[in-house]
Amino acid sequence: MITIDGPSGSGKGTVTQRVAARLGWRVLDSGALYRLVGHAVDRRNIDFNNENEISDLAASLDVIFEDKKVLLDGVDVTDAIRTEAAGNNASKVAAMPGVRAALLDWQRDYVQQPGLVADGRDMGTTVFPAARVKIFLTASPQERAVRRYKQLKEKGLPANLAALTSDIEERDARDRSRAASPLVAAEDALEIDSTVLSIDEVVNRILSEAQRVYAIPL
Ligand code: C5P
């Protein structure tokens with residue numbers, strides 16, 4: 001088990017995919033689950049203040065992960081859950097303890113041999129506290145906004161750097177200050193600042209940590 005936590009745009013998604021591919025391990029993209037809940041709330045016009053209804057919804061979501069696609073109630077939402085608005089809605093529902101509790105078992109069910117790389121905000125602190133390799137990946141807010149901008153443009157999605165910077169700051173502040181599983185490095189996490197590191201450098205650092213702890217042949 002490797003947990004990779006950190007703020008939005010720190011590179012967690014890409015790094016998680018590459019580390020998992022190198023090891024032949026499964027991936028848990030926990031942010032996608034919060035994004036799905038936020039999206040479902042939006043689509044069903046549920047009030048974002050109605051924690052009880054949103055928690056019930058989170059516990060009963062009809063989701064299918066199919067190849068690289070995500071279906072919610074049978075509808076392909078793969079791109080819809082990747083927008084900045086969806087990220088912001090995700091962070092609103094993620095502040096609700098009822099929602100976090102509803103997603104806990106779902107996330108733990110991802111554990112599979114030979115291993116799992118779990119990407120999120122509280123993988124090392126709350127969901128998989130016994131993991132022996134915990135990474136906390138950061139980067140400066142400016143660098144994270146630029147990366148998000150490039151990512152969105154590559155996908156052909158609308159992007160505005162100034163708006164992205166303030167969205168990232170707003171989302172970080174909410175994720176760090178919430179009472180339920182705030183975004184914080186686990187005490188035993190290895191912190192990596194990726195501001196001036198390439199993706200390969202970050203991946204190699206994590207792989208050598210995994211090799212050191214689990215004696216995995218690479
Ligand atoms: O990682 P991603 O940007 O997809 O996550 C979207 C939002 O979901 C985050 O801003 C955060 O509020 C929430 N989240 C969370 N805990 C996780 C993963 C994501 O609270 N483990």
Side-chain angles (χ1 to χ4, degrees), residues 1-17 20 27-42 48 51 54-55 57-58 61 63 65 68 70 72 77-111 116-129 131 134-139 141 143-145 147-152 155 157 159 164-186 189 194:
M1 162 77 62
I2 299 175
T3 61
I4 306 185
D5 291 305
S8 336
S10 56
K12 283 177 300 131
T14 312
V15 165
T16 298
Q17 294 292 341
V27 166
L28 165 61
D29 170 7
S30 61
L33 308 187
Y34 290 96
R35 284 170 181 269
L36 281 162
V37 177
H39 188 71
V41 170
D42 200 25
F48 269 93
E51 179 166 351
I54 297 175
S55 304
L57 176 70
L61 276 191
V63 175
F65 289 96
K68 295 206 149 103
V70 191
L72 176 65
V77 295
T78 319
D79 294 333
I81 62 165
R82 290 294 148 203
T83 63
E84 285 308 297
N88 235 320
N89 287 340
S91 126
K92 285 184 200 158
V93 299
M96 301 174 176
V99 170
R100 305 201 73 85
L103 298 186
L104 203 53
D105 285 344
W106 189 3
Q107 296 174 84
R108 289 185 176 151
D109 283 346
Y110 270 78
V111 175
L116 178 71
V117 188
D119 159 357
R121 304 290 186 293
D122 62 340
M123 299 294 99
T125 50
T126 305
V127 183
F128 304 112
K134 298 182 183 177
I135 308 295
F136 195 76
L137 193 60
T138 60
E143 175 63 19
R144 292 189 283 125
R147 288 181 191 169
R148 266 278 194 258
Y149 178 85
K150 288 186 187 157
Q151 254 179 8
L152 291 168
K155 287 186 189 158
L157 294 169
L164 278 174
T165 310
S166 69
D167 272 3
I168 279 192
E169 282 166 358
E170 186 190 325
R171 191 132 67 95
D172 279 359
R174 200 186 296 125
D175 289 349
R176 286 182 205 275
S177 63
R178 68 182 176 218
S181 288
L183 169 64
V184 62
S194 73

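Both ligands and their constituent atoms are indexed starting at 1 by order of listing. A quick note: this is a predicted structure, and the numbers were derived from the prediction, not measured. Start at 1 with the first residue, then count along the sequence.
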Residues two or more places apart in sequence or in another chain: which of them pass side chain to side chain contact (heavy atoms under 4.5 Å, CB included) with Ala159?
-> Tyr149, Leu152, Lys153, Leu164
Within the protein, flag every N or O under 3.5 Å from an N or O of ligand 1, and note the pair and distance.
| unit_1 | atom_1 | unit_2 | atom_2 | d |
| --- | --- | --- | --- | --- |
| ligand 1 | 1 (O) | Arg121 | NH1 | 2.9 |
| ligand 1 | 1 (O) | Arg121 | NH2 | 3.4 |
| ligand 1 | 3 (O) | Arg35 | NH2 | 2.9 |
| ligand 1 | 3 (O) | Arg121 | NH2 | 3.3 |
| ligand 1 | 3 (O) | Arg148 | NH2 | 3.4 |
| ligand 1 | 3 (O) | Arg171 | NH1 | 3.2 |
| ligand 1 | 4 (O) | Arg35 | NE | 2.6 |
| ligand 1 | 4 (O) | Arg35 | NH2 | 3.3 |
| ligand 1 | 10 (O) | Arg121 | NH2 | 3.4 |
| ligand 1 | 10 (O) | Arg171 | NH1 | 2.9 |
| ligand 1 | 10 (O) | Asp175 | OD2 | 2.9 |
| ligand 1 | 12 (O) | Asp175 | OD1 | 2.6 |
| ligand 1 | 12 (O) | Asp175 | OD2 | 3.2 |
| ligand 1 | 16 (N) | Arg100 | NH2 | 3.0 |
| ligand 1 | 20 (O) | Arg100 | NH1 | 2.8 |
| ligand 1 | 20 (O) | Arg100 | NH2 | 3.4 |
| ligand 1 | 20 (O) | Arg178 | NH1 | 2.9 |
| ligand 1 | 20 (O) | Arg178 | NH2 | 2.9 |
| ligand 1 | 21 (N) | Ser30 | OG | 2.9 |
| ligand 1 | 21 (N) | Arg121 | N | 3.1 |
| ligand 1 | 21 (N) | Asp122 | OD1 | 2.9 |

Short question: side chain of Arg35, backbone of Ile81 - any donor-acceptor pair under 3.5 Å?
->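 Between the backbone of Ile81 and the side chain of Arg35 there is a qualifying donor-acceptor contact (under 3.5 Å).
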Do you know the tightest heavy-atom contact between Arg178 and Leu183?
-> NH2-N, 4.4 Å
Audit row: Val127, Tyr110, side chain to side chain contact (heavy atoms under 4.5 Å, CB included) steps and yes/no | CA-CA 11 Å; Val127 183; Tyr110 270 78; over 6 Å; no
Sidechain N-carboxylate O distance under 4.0 Å for Asp122, Arg100 = yes
Identify which one of Arg121, Glu170, Arg171 satisfies the side chain to side chain contact (heavy atoms under 4.5 Å, CB included) criterion when paired with Ser91.
->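 Option passing the side chain to side chain contact (heavy atoms under 4.5 Å, CB included) with Ser91: Arg171.
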